[in-house]
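Comments concern the structure below.
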Amino acid sequence: MTTTVIIMCLLALMAGVALGVFFSRSALNSKARFILEDAKKNAENMIEKAKVQAESAKKEKQLQAKERFLELKSQHDQDIQSREKKILEMEKRIKEKEQKLNEELSKSGKLEKDLDKQIADYSKKNEIIEKKRVELDAIITQKVDILEKISNYSAAEARLELIESLKVEAKSKAQAHIQSIMEEAQMNAKNEARKIVIQTIQRIGTEQAIENSVSVFNIESDEVKGRIIGREGRNIRAIEAATGVEIIVDDTPEAILLSCFDPIRREIARLALHKLVTDGRIHPARIEEVVDKTRKQIEDEIIEVGKRTVIDLGIHGLHPELVKIVGRMKFRSSYGQNLLQHSREVANISATMAAELGLNVKLAKRAGLLHDVGKVPEQESELPHALLGMQWAEKYGENKEVVNAIGAHHDEIEMTSLLSPIVQVADAISGARPGARRQVLESYIQRLKDLESAALSFDGVSSAYAIQAGRELRVMVESGKVNDNVAAQLSYDISEKIQNELTYPGQVKVTVIRETRAINIAR
């Protein structure tokens with residue numbers, strides 16, 4: 001208690017001292033008091049303004065908070081409505097699916113009832129059919145017994161006889177059907193083949209050549225013969241020694257024959273003689289000089305012909321050795337055809353066919369040109385020309401398809417490319433056209449005889465004639481032994497025998513003729 005009083009006394013003393021100091025200072029500085037009062041007033045005004053602004057800011061914040069609240073509430077209400085809408089849609093789909101499921105279940109129940117009903121009906125019908133089958137078997141057995149008694153045939157014997165009769169009828173109908181199908185197929189095949197061949201032939205011009213081993217050198221007068229022979233025959237011997245060609249001087253007026261199997265050597269001798277006769281200086285030294293120059297000239301001409309040929313055909317990148325071989329084909333003939341001209345024809349025909357069939361035209365033309373290069377070797381070879389040409393083409397880097405086409409165009413090797421049969425067919429077309437080749441008469445006649453003999457080997461054939469240069473075989477049959485159906489079968493059998501046993505170019509048409517003649521004599 002005493003402590004509290006002491007503290008209060010001290011506080012009163014301090015307050016009195018403060019008031020004394022304050023009043024003393026106020027008395028000393030009255031102006032300061034006025035300034036303080038003004039400051040207080042300003043402070044109060046500022047406080048009032050601050051309170052007003054604070055109240056305004058407070059109201060503004062409250063308004064913003066209220067607006068934000070309303071905005072959030074509106075968004076929340078939209079979310080709730082969207083969710084409710086989705087829930088309603090899901091409920092609707094679920095109800096629709098439930099309804100469809102109920103409908104399907106209802107249909108399934110109906111189908112199950114219908115199925116049970118059909119099974120029951122089927123069982124009843126099956127029982128009825130089984131009873132009918134038993135009754136039918138009994139009736140058939142009874143009828144068979146009656147027929148056996150009437151015909152004196154057992155069922156097995158009657159069955160065999162019926163089968164035999166049906167076999168003959170079926171064979172006849174089948175043969176007629178087969179003939180109809182074959183005629184239709186042949187007609188379609190011939191039309192397509194004819195179209196390709198005709199289009200090919202129409203686009204290619206051909207020339208004819210004659211194969212020989214003798215060249216004729218024409219001279220102005222028989223006096224030149226003596227100069228060519230020379231004193232004691234030294235000139236003619238020098239020419240023969242230098243060229244390897246036999247000079248035949250006989251009584252033929254204004255002509256000398258040059259005989260040699262090698263056409264290049266024959267051409268060298270012909271050109272050398274022409275130069276010697278034109279120059280007038282004919283003696284052994286001059287002969288050797290002219291022959292050497294002519295040989296070089298021919299070699300240059302061979303290369304030039306090869307280059308010109310590949311350029312004309314549009315073939316690029318051919319090896320120089322193959323170009324030289326192509327040029328040598330100009331001086332070689334095969335079966336009456338100039339080999340170079342034949343190869344050009346085959347190249348063009350192959351290219352045309354390849355274009356018609358949608359194949360590589362450049363490779364086809366290349367293979368057609370090179371297919372017979374094996375026929376002009378510088379040295380004799382034991383290999384067939386197709387295999388020799390294939391080796392050369394492979395050696396000089398030709399395409400595999402071209403190599404196979406060269407080797408397979410006479411069936412020495414198996415064909416592995418579509419170009420191979422095209423080149424083979426083109427070779428046959430070029431060689432088989434009228435006037436292309438000179439055929440040996442004996443082999444031609446023998447081929448016609450073989451065709452007639454093949455037809456005469458069949459029963460019922462009275463005579464057979466090969467006509468149209470062996471392209472058609474006309475067969476006469478005995479009408480009493482061969483009917484119309486058998487005639488059709490006979491035509492097919494003869495064509496099969498010719499195809500399997502004989503060798504022939506192109507196609508052979510077999511025509512079987514059956515006729516009935518009634519002959520009476522009026523007296």
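Numbers for residues simply follow the sequence, beginning at 1. Just so it is clear, the structure is predicted and the values come from calculations on it, not from any experiment.
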So, do [X] and [Y] sit near enough that their side-chain heavy atoms are less than 4.5 Å apart?
| X | Y | answer |
| --- | --- | --- |
| Val475 | Ile513 | no |
| Leu339 | Val376 | yes |
| Ile303 | Glu299 | no |
| Val403 | Ile406 | no |
| Gln424 | Met415 | yes |
| Pro320 | Tyr396 | no |
| Gln391 | Leu383 | yes |
| Leu340 | Thr309 | yes |

May I ask you to say whether [X] pairs ionically with [Y], meaning some side-chain N is under 4.0 Å from a carboxylate O?
| X | Y | value |
| --- | --- | --- |
| Arg133 | Asp137 | yes |
| Lys100 | Glu98 | no |
| Lys330 | Glu301 | yes |
| Arg93 | Glu96 | no |
| Lys481 | Asp459 | no |

So, for [X] and [Y], which heavy atoms are closest and what is the spacing to 0.1 Å?
| X | Y | result |
| --- | --- | --- |
| Ala351 | Val361 | CB-CG1, 3.7 Å |
| Arg328 | Pro377 | NH2-O, 3.6 Å |
| Val510 | Ser491 | O-OG, 3.4 Å |
| Ala364 | Ala354 | CB-CB, 3.6 Å |
| Leu456 | Ala464 | CD2-N, 3.9 Å |
| Val423 | Ala405 | CG2-CB, 4.0 Å |

(message) Lys375 vs Asp372, test: salt bridge (charged side-chain N to carboxylate O under 4.0 Å, His left out). Steps then yes/no.
(response) CA-CA 6 Å; Lys375 287 186 176 181; Asp372 270 347; 3.6 Å; yes

(request) Would you please test Glu71 and Arg68 for salt bridge (charged side-chain N to carboxylate O under 4.0 Å, His left out) and show each step? (result) CA-CA 5 Å; Glu71 182 180 353; Arg68 178 62 177 168; 3.7 Å; yes

Working to the nearest 0.5 Å, report the span between [atom1] of [X] and [atom2] of [Y].
| X | Y | atom1 | atom2 | answer |
| --- | --- | --- | --- | --- |
| Asn360 | Arg366 | CG | CZ | 10.5 Å |
| Ser457 | Ile494 | OG | CD1 | 7.5 Å |
| Leu322 | Ile315 | CG | CD1 | 10.5 Å |
| Glu104 | Leu111 | CD | CG | 9.5 Å |
| Lys117 | Glu112 | NZ | CD | 15.5 Å |
| Ile422 | Leu363 | CD1 | CG | 11.0 Å |

Are any side-chain N or O atoms of [X] and backbone N or O atoms of [Y], one a donor and one an acceptor, separated by less than 3.5 Å?
| X | Y | result |
| --- | --- | --- |
| Ser123 | Ile119 | yes |
| Lys365 | Leu313 | yes |
| Ser453 | Lys449 | yes |
| Glu472 | Lys509 | no |
| Asn348 | Arg344 | yes |

(request) In sequence, state the C-alpha distance, the side-chain angles, and the governing distance for Glu398 and Trp392, and then conclude on side chain to side chain contact (heavy atoms under 4.5 Å, CB included). (result) CA-CA 9 Å; Glu398 284 298 314; Trp392 286 352; over 6 Å; no

State, without any angle test, whether [X] and [Y] hold a side-chain donor-acceptor pair at a distance under 3.5 Å.
| X | Y | value |
| --- | --- | --- |
| Glu515 | Ser479 | no |
| Ser420 | Asn404 | yes |
| Asp79 | Gln75 | no |

(message) For the aromatic rings, using the six-membered ring if either is Trp, is the centroid distance between His371 and His385 under 6.0 Å?
(response)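 No, the ring of His371 stays outside the 6.0 Å limit from the ring of His385, centre to centre.
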
(request) Please assess Arg447 against Leu502 for the test side chain to side chain contact (heavy atoms under 4.5 Å, CB included), listing each intermediate value before the final yes or no. (result) CA-CA 8 Å; Arg447 181 167 66 83; Leu502 302 181; over 6 Å; no

(request) Apply side chain to side chain contact (heavy atoms under 4.5 Å, CB included) to the pair His410 and Asp427, showing each step before the final yes or no. (result) CA-CA 9 Å; His410 284 314; Asp427 183 32; 3.6 Å; yes

(request) Give a yes or no on this: more than 12 heavy atoms of other residues, nucleotides or ligands lie within 6.0 Å of atom NZ of Lys307. (result)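 It does not: Lys307 NZ has 12 such atoms or fewer within range.
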
(message) Would you say OH of Tyr492 has more than 12 non-hydrogen atoms from neighbouring residues, nucleotides or ligands within 6.0 angstrom?
(response)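 Counting neighbours around OH of Tyr492, 12 or fewer heavy atoms of other residues, nucleotides or ligands fall under 6.0 Å, so no.
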
(request) Go through the steps to decide whether Thr416 and Lys400 satisfy the test side chain to side chain donor-acceptor pair (under 3.5 Å), and finish with yes or no. (result) CA-CA 9 Å; Thr416 59; Lys400 291 182 179 180; over 6 Å; no

(request) Test Met476 against Arg474 for side chain to side chain contact (heavy atoms under 4.5 Å, CB included), laying out the working first. (result) CA-CA 7 Å; Met476 309 294 179; Arg474 194 159 294 177; 4.1 Å; yes

(request) Can you spot which of Glu60, Lys59, Glu67 makes a side-chain contact (heavy atoms from CB on, under 4.5 Å) with Leu63? (result)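 So, applying the side-chain contact (heavy atoms from CB on, under 4.5 Å) to Leu63 and each of Glu60, Lys59, Glu67, only Glu67 qualifies.
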
(request) Show your working on side chain to side chain donor-acceptor pair (under 3.5 Å) between Gln446 and Asp450 and close with a plain yes or no. (result) CA-CA 6 Å; Gln446 185 61 43; Asp450 292 340; 3.0 Å; yes

